[in-house]
Protein chains: 2
Amino acid sequence: MNAPRRGRGRPAVLTRERIVAAAVDVLDAEGLDALTMRRLGSRLGVAAMSLYRHLPNREAVLAAVVDRLFAEAVVDLGTGMSWPEALTGFAVAYRRMLLSHPQAVPLLATHPVDIDRGRELLAGLLGTFEAAGVTPHDAVTAVQSVGVYVLGHALAQVGGNPSLDDAALRFYDEWFEAGLGAMVRGFAVNALRGTPPPA
Amino acid sequence: MNAPRRGRGRPAVLTRERIVAAAVDVLDAEGLDALTMRRLGSRLGVAAMSLYRHLPNREAVLAAVVDRLFAEAVVDLGTGMSWPEALTGFAVAYRRMLLSHPQAVPLLATHPVDIDRGRELLAGLLGTFEAAGVTPHDAVTAVQSVGVYVLGHALAQVGGNPSLDDAALRFYDEWFEAGLGAMVRGFAVNALRGTPPPA
DNA sequence: CGTTGTAAGCTTACGTCGTACACAAAATAG
DNA sequence: CTATTTTGTGTACGACGTAAGCTTACAACG
């Protein structure tokens, strides 16, 4: 399963995977500002400069973290559902990931997932629309709109106070479902109408 | 109109207002990373440390910029409209501000507007809902949902490529209106139904 | 006028950041 | 054993935010 042994040189103690995993740990535990090259190195028992053998710079570390977290969000989205169900399921799974990595939310907001990678990860969801006869263009519009809503909502929830009491949590959950429901309903209405181009 | 002369000491060349205005200029021209205390000072013909006489730290500068930009977005929202019209108008005005300060979008995303200040600036819009018999709770839900969608959408548009061709701009505009329309329509459906609590 | 008090701006300095560059260490191939 | 190759390290530089103390430029008072 692991094969970092490629032949000649000094054996690698670091791997891209190990670095990214450690980066997620540091991010969750200490926040985005604490995710420095030195801190990440020390977490791995290694000097900061060693990381540059595996990733070109800090931006690349952040991009890799974004990719890993988004992939974590969209595994097992389930199949055999109508597109409104699948779309809602995606929103819920995405939100669950964001709330379980609250310190990552500002990062996800500022470093969008690579667009092709995003389409790849969401192929199943988009297929649900296609099976229902929705055009790819409209499907992408709906999925992106919902994604953008979920991220924006998590930003608002997490950006304010880091920790919230139960009442506040209920409030945000209610609000989330209200906005999500409104949007999905709105798209469904449009689809039933035969999707006239937006005026 | 201006009264920086308060009596005793050395006359002030700096004002909080002047600093914030310069900060917006630097942000628009060179981006968030370039908005450093030294750069801001040099823009004003002043040493970096001089800024600390007027604002406690860099975070306060950023917060002041956020406040100023959001206030810029919501002046003149118009009156005498139904709440769906007013809500759509708010979304359009907010989006216009974001797209005319693209470098500020990540800042707005990470530094939410102060909640009380936000309610104050949006009092007129919320009144439109009240006049139509919508509960304050539902009004806040709808306004925040739309705000979150607009910001998230601008993040997606601006975060990808900094400059876009006409086709891409049309694509984003279409997408924006589709998602916004869906959401407003969804809330309207709910309101007509008498606003049952979200399941 | 000179002196004094006070607010505003300046200089210097410290610790931290990302990272360029040259080097040391640890393995395999011959 | 030696040469080769890959990985990790040490040092150093410039830029950042900002703490502390100093200087400057005014108004008020004598």
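Model, not experiment: these values are computed from the prediction. We use all heavy atoms of the structure for the numbers below, so side chains are in, but hydrogens, waters and symmetry mates are not. The chains referred to below are lettered A, B, ... by the order of the sequence lines, with proteins before strands, and numbering in each begins at 1.
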* At under 4.0 Å between heavy atoms, which parts of nucleotides 18-25 of chain D does protein reach? Answer with one letter per nucleotide, 5' to 3': B base, S sugar-phosphate only, - none. => BBB---BB
* To do: Nearest whole angstrom, please: distance from the C1' of dT19(C) to the CG of Leu55(A).
  => 14 Å
* With sequence neighbours excluded, tell me which residues meet side-chain hydrogen bond (donor to acceptor under 3.5 Å, both in side chains) with Glu72(A). => His101(A)
* Among all residues two or more places apart in sequence or in another chain, which pass the side-chain contact (heavy atoms from CB on, under 4.5 Å) test with Ala71(A)? -> Arg117(A), Leu121(A)
* Asked: Rounded to whole angstroms, how far apart are CZ on Arg39(B) and P on dG14(D)?
  -> 20 Å
* Asked: Which whole-number value in Å describes the distance from Leu51(A) CG to dC17(C) P?
  -> 13 Å
Please tabulate, one pair per line, all N/O donor-acceptor pairs under 3.5 Å involving side-chain atoms of residues 141-152 of chain B, not counting sequence neighbours.
unit_1: Thr141(B); atom_1: OG1; unit_2: His137(B); atom_2: O; d: 3.0
unit_1: Ser145(B); atom_1: OG; unit_2: Trp175(A); atom_2: NE1; d: 2.7
unit_1: Ser145(B); atom_1: OG; unit_2: Thr141(B); atom_2: O; d: 2.7
unit_1: Tyr149(B); atom_1: OH; unit_2: Trp175(B); atom_2: O; d: 3.3
unit_1: Tyr149(B); atom_1: OH; unit_2: Phe176(B); atom_2: O; d: 3.1

* What closest approach, in Å, do Val105(A) and Ala154(A) show between heavy atoms, and which atom pair accounts for it? -> CG1-C, 4.0 Å
* To do: Apply side-chain contact (heavy atoms from CB on, under 4.5 Å) to Arg38(A) and list each qualifying residue two or more places apart in sequence or on a separate chain.
  => Thr36(A), Ala48(A)
* Asked: For the pair made of CG in Leu40(B) and C1' in dG17(D), what is the distance, rounded to whole Å?
  -> 13 Å
* List for me each residue that meets side-chain hydrogen bond (donor to acceptor under 3.5 Å, both in side chains) alongside Glu85(A), sequence neighbours excluded, and say none if there are none. => Ser82(A)
* Asked: Distance check: side-chain N/O of Ser50(A) vs OP1/OP2 of dT9(D), anything under 4.0 Å?
  -> yes
